[in-house]
Amino acid sequence: MRTLLIAGNWKLNPTTAEAAALLADGVKQGLGSATDVHVALAPPFVFLTKVDQVLEGSPIGLAAQDLYWENNGAFTGEVSGPMLVDVGCTHVIIGHSERRHGQGETSGQVNAKLKAALAAKLIPIVCIGETKDERLAEKTEEVLLEQLVGSLAGLSPEEMAGVVLAYEPVWAIGTGLTASPEQAQAVHAFIRNWLTQTFGAATAGRVVVQYGGSVKPDNAAELLGQPDIDGALVGGAALKAGDFLGIIKAGQDVMARGK
Ligand code: 13P
């Protein structure tokens, strides 16, 4: 039985610490002490400390949006796993498509970051997903395979069981175009099958695989109800506490029905 993880990726938002605190507090108040679904918020680095303070006493996890693979040294602008732990992080997003495509991040780099996250005892959320052109060229599985093999290289089954994957089709991110529940489930089943072949059925059964890409309160229930979709990585709709809480509520309803 996998518990759903609903995570809000705030990306480059909001602009001020005050607005970040307000948003985090709205989610905290709305969720209360519920733990039937796992929830995490990923604000920009500079607001992590502030949001950690706001979230005190709440079951909500705190995620960074990236990390570097070295712990210390001459790496201007980078942030390391131990630093993230020090400011209260529990999770870290790695290999988001906006970094893979915008910053040229490779699966090899994602792998190095993943190992650094595990060494720091952070829960990694590793993102994978195909572009629109790749899907139209029927290369979705080929692209995902490269990303899975490269990003997860060298992990033991035990390590893999503690990794969260996020399938985020690039064409669905921020576009309002959601993958249909059937389309998403088909890819999630492909990922689960690869995990089974690579790490064994017991491990594959434990890995949380989120869906991301225009998840909203009104489409969350159907997506989260799919057998291999174990949560959501939410962008735009995570910037309004009410919308994000609506997605969490959909997840709670799915869990209550005994997913
Ligand atoms: P949107 O929900 O805005 O499409 O963003 C998804 C995403 O990239 C989350 O990481």
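Computed from a prediction, not measured in an experiment: that's the story for all the values here. As the structure lists them, so they are numbered: ligands from 1, and atoms in each ligand from 1. Here, residue 1 is the first one in the sequence, and each next residue gets the next number.
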Ignoring hydrogens, just give me the one of K11, H96, Q65 whose non-hydrogen atom is nearest atom 10 (O) of ligand 1.
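Looking at heavy atoms only, the winner is H96.
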N-O pairing of R257 and D253 below 4.0 Å:
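Salt bridge absent between R257 and D253.
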Are any of the side-chain nitrogens in K28 or E56 under 4.0 Å away from the carboxylate oxygens of its partner?
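Between E56 and K28 there is no salt bridge, as every charged N stays at least 4.0 Å from the carboxylate O atoms.
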Does E138, at its CD atom, have more than 12 non-hydrogen atoms belonging to other residues, nucleotides or ligands within less than 6.0 Å?
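Counting other residues, nucleotides and ligands, CD of E138 stays at 12 neighbours or fewer.
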CD/E146: more than 12 non-hydrogen atoms of other groups inside 6.0 Å
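Yes, CD of E146 has more than 12 neighbouring heavy atoms, counting only those of other groups under 6.0 Å.
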Do any N/O atoms on [X] end up under 3.5 angstrom from N/O atoms on ligand 1?
X	result
S214	yes
G236	yes
E168	yes
V234	no

For ligand 1, which atoms, with element, lie under 4.0 Å from some heavy atom of [X]?
X	answer
G213	4 (O), 6 (C)
G235	1 (P), 2 (O), 3 (O), 5 (O), 6 (C), 9 (C)
N9	9 (C), 10 (O)

Counting only heavy atoms closer than 4.0 Å, does ligand 1 sit against the backbone of A172, its side chain, both, or neither?
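Just the backbone.
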Side chain or backbone of L233 under 4.0 Å from ligand 1, or both, or neither, by non-hydrogen atoms?
both
Nearest neighbour in protein (non-hydrogen) for atom 4 (O) of ligand 1
G174 N, 2.6 Å
Applying side chain to side chain donor-acceptor pair (under 3.5 Å), can you list everything that pairs with Q252, at least two apart in sequence or on another chain?
D36
Are V92 and L55 connected into the same hydrophobic cluster when the rule is that any two of I, L, V, M, F, W, Y join if their side-chain heavy atoms are below 4.5 Å apart?
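As far as the 4.5 Å side-chain criterion goes, V92 and L55 are connected within one cluster.
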ring-ring contact (aromatic ring centres under 6.0 Å, His included) partners of residues 211-253, not counting sequence neighbours, each pair once
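Those involving residues 211-253 do not exist here.
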Is the ring pair F75/Y68 parallel, tilted or perpendicular, if the boundaries are 30 and 60 degrees?
tilted
